[in-house]
Every structure is written in C-alpha cells, then in structure tokens.
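Below is one structure, written out as structure tokens, with a few remarks after it.
Hydrogens, waters and symmetry mates are skipped; everything else that's a heavy atom, side chains included, is used. In what follows, chains are A, B, ... by sequence order, proteins preceding strands, each numbered from 1.
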Number of protein chains: 2
Amino acid sequence: MEHNPESCMLDKTLNVIVGKWKLAILHLLFQGTKRFSELQHGIPDITKKVLTAHLRELEEDDIIKRIVYAEVPPRVEYSLTEYGYSLQPTLQSLQEWGSNHAEHMRSKRERQSSTKFPDDQPAVSVE
Amino acid sequence: MEHNPESCMLDKTLNVIVGKWKLAILHLLFQGTKRFSELQHGIPDITKKVLTAHLRELEEDDIIKRIVYAEVPPRVEYSLTEYGYSLQPTLQSLQEWGSNHAEHMRSKRERQSSTKFPDDQPAVSVE
DNA sequence: CCGTATCCGTGGCGATACTG
DNA sequence: CAGTATCGCCACGGATACGG
C-alpha cells in the first residue's frame, strides 16, 4: 500500500495506535494493570464491543497482554507487555508536538481574528 | 472527545498526520517544494480529489504552504512551512518504532511457526 | 463480569466526468 | 495543469440484545 520504506514504517506504527479509543486505553494501562470493567469505566463513552475489539488488536500487536482468571465471576486483567513500554518515547513525542500544535493554532487564530477586515487574507499568489 | 489531557494532545497530533496518503505527501515535501502534478506522479495511486483534500488539510494545520503562480498553464507549488519542519523529529520517532515493530513481529511469527503443534498455544489463564 | 451477535449509520476514500 | 462535482463503496464504530 505504500512504496517508499520510510512512510511504510510510519504507517505500521500508526496502524498500531490509531483507533478511536486506543490512546485512551494505552493511557490507562500505562498507569498499571486494569480489569476490563476498569477500562470501561475509565472511558465512559466506549462500548464493550469496541473496547474488546481494540484490546484484541493491541494484543495482536503484542502491546498488551490479557490474563484470564478462572474464577466466578470472571476476572480478566489487561496490562502492557514489556515490549509495549517501548511505545512510550514515541507517544511522548506525539504528545509534546500536539501540545505545541494546540498552542500554535491558538496563537495563529488570534492573529487572524485581530485583523480589522475579515476578508483581507489574500490567497497566496504570484505573477 | 477525549477527557484526559495527554491522550487529547496525542489525538491532535494524529489528526494532523492521519489520512491515507498524508505521510507519503509529507515524505515528498520533506525532499523539497513540489508541484501538484509532481506529488500526483510521486504517489501513483492517489486521485486528484483526495490529493487536493489532504493538501488542504495540511495547509489548514499550517504544515504546508501553497503558492499559486498566475500563469497559463497554471502552476501551483506546495512546500513545508517552517513550522511544518517541527514534525520531523516526531515522524522519525514513529518511523524508528515502526521499523523495530516490523522486526519484532517478524521474529515473533517465526517463533510461533516453529512450534511443532499448531494448536499448542494455550490461552493465558490462571486459576 | 466479560464478553459475542446483529444491525445499522457515517465518513473517508475511490472512480469518473467536467471546468477555468 | 490543477483542480471541482457526483456518485458509490466499505470499514469503523455505535446501539442493542443475548450468552457463558
């Protein structure tokens, strides 16, 4: 699906962490082991189906591990694998850039709204 | 859409770089200024519509700039903004993790396929 | 408690044709 | 050359009900 090796490797990383709630899940698991229900309560808007699906994908990518305790009522605990922790620096880099980006866009918007004439933003063009 | 600040900032970054061809576009533009048609030829499978859409989004996020030359036939050049270059370290981090991940999954698959019995992978469970 | 099964809505993307 | 306009598909995710 991709031709040049760099973009390809980048895509592989994104495939692991992209998903509507994957970052929220990882965020919780970086805090420590969590049961299924703890994850669900930690992310109030997620449904069980999607939570399960995301957890299976992360497990498939060896980022998290799933331990089923043979008890009644059932107990299932999720935690990061040792390998999963290797994501941390990369995620931190993303987070830092995101923070900076939020600030960048905010100050950009300020500059725009402070212009006296709403339509004095000429399209960039050259003759 | 997200509650805790870290995941939220992470999401902001992802929103900028996620898109089927955005990384490919950025990869080309990191090489230097490119015309619309150069981008299109550099990414053979992309359609003009989607290329345009992605470029507009990147422009909206202040990652790239678009310069229209008032000529016939028309010429439009795209290039990274100064701010756009600030993505580079983060993208490199993603790329490196992706490379490592590809290797990790490869060696994991090897270990699996070398097991004598196909179904001797017990589900992780504890009593 | 921890899921699976089913149905369905939406948005990202593709294909194709047209335009200044 | 550098787009826009239309139409259509399909994977992702949401809602709800059921099951071990």
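Computed from coordinates, the B/I46 CD1 to D/dG3 C1' distance equals 13 Å when rounded to whole Å. Atom CD in B/E38 sits about 13 Å away from atom C1' in D/dA2, given to the nearest Å. As a whole-Å value, the separation of B/K34 NZ from D/dG3 P is 16 Å. Look at CG on A/L51: it is 12 Å from P on D/dG13, rounded to the nearest Å. Atom pair B/R75:CZ and D/dC1:P shows a separation of 13 Å (rounding to whole Å applied). If you measure from atom NZ of B/K48 to atom C1' of D/dA2, you get 7 Å, rounded to the nearest angstrom. Counting to the nearest Å, the C1' atom of D/dA2 and the OH atom of B/Y69 are 15 Å from each other. One interatomic measurement links the two molecules: OH of B/Y78 to C1' of D/dC1, which rounds to 11 Å at whole-angstrom precision.
Remark on DNA chain C: of its neighbouring residues A/P73 and A/T52, the 5'-side contact belongs to A/P73, judged by nearest-heavy-atom nucleotide.
For B/Q31, the CD atom is densely surrounded, since the number of other residues' heavy atoms within 6.0 Å is greater than 12. Within a 6.0 Å sphere centred on CD of A/E103, other residues, nucleotides and ligands contribute more than 12 heavy atoms. Atom CD of A/Q88 has more than 12 neighbouring heavy atoms from other residues, nucleotides or ligands inside a 6.0 Å radius.
Taken together through direct or relayed side-chain contacts under 4.5 Å among Ile, Leu, Val, Met, Phe, Trp and Tyr, B/L87 and B/M9 form parts of separate hydrophobic clusters. Cluster annotation: A/L23 and A/Y83 are assigned to the same hydrophobic cluster (Ile/Leu/Val/Met/Phe/Trp/Tyr, side-chain heavy-atom contacts under 4.5 Å, transitive).
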Interface polar pairs with nucleotides 5-8 of chain D, N/O, under 3.5 angstrom:
residue : atom : partner : partner atom : Å
D/dT6   : O4   : B/K49   : NZ           : 3.4

* Between A/L80 and A/T33, is a side-chain contact (heavy atoms from CB on, under 4.5 Å) present by the stated rule, with each step listed? -> CA-CA 7 Å; A/L80 288 174; A/T33 298; over 6 Å; no
* Could you please spell out the steps behind the side-chain contact (heavy atoms from CB on, under 4.5 Å) verdict for A/Y78 and A/L58? => CA-CA 10 Å; A/Y78 293 90; A/L58 290 168; over 6 Å; no
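Ring planes of A/F30 and A/Y85: perpendicular class, angle over 60° (limits at 30 and 60°).
Of all nucleotides in DNA chain C, those with any atom nearer than 4.0 Å to a heavy atom of chain B start and finish, going 5' to 3', at C/dC13 to C/dG20.
A donor-acceptor distance shorter than 3.5 angstrom exists from the side chain of A/T52 to the backbone of A/K48, with no hydrogens or angles considered.
Within the 4.0 Å cut-off from OP1 or OP2 of D/dG3, at least one side-chain nitrogen or oxygen of B/R66 is found. Phosphate contact (OP1/OP2 of D/dC12, side-chain N/O of A/H54, threshold under 4.0 Å): absent.
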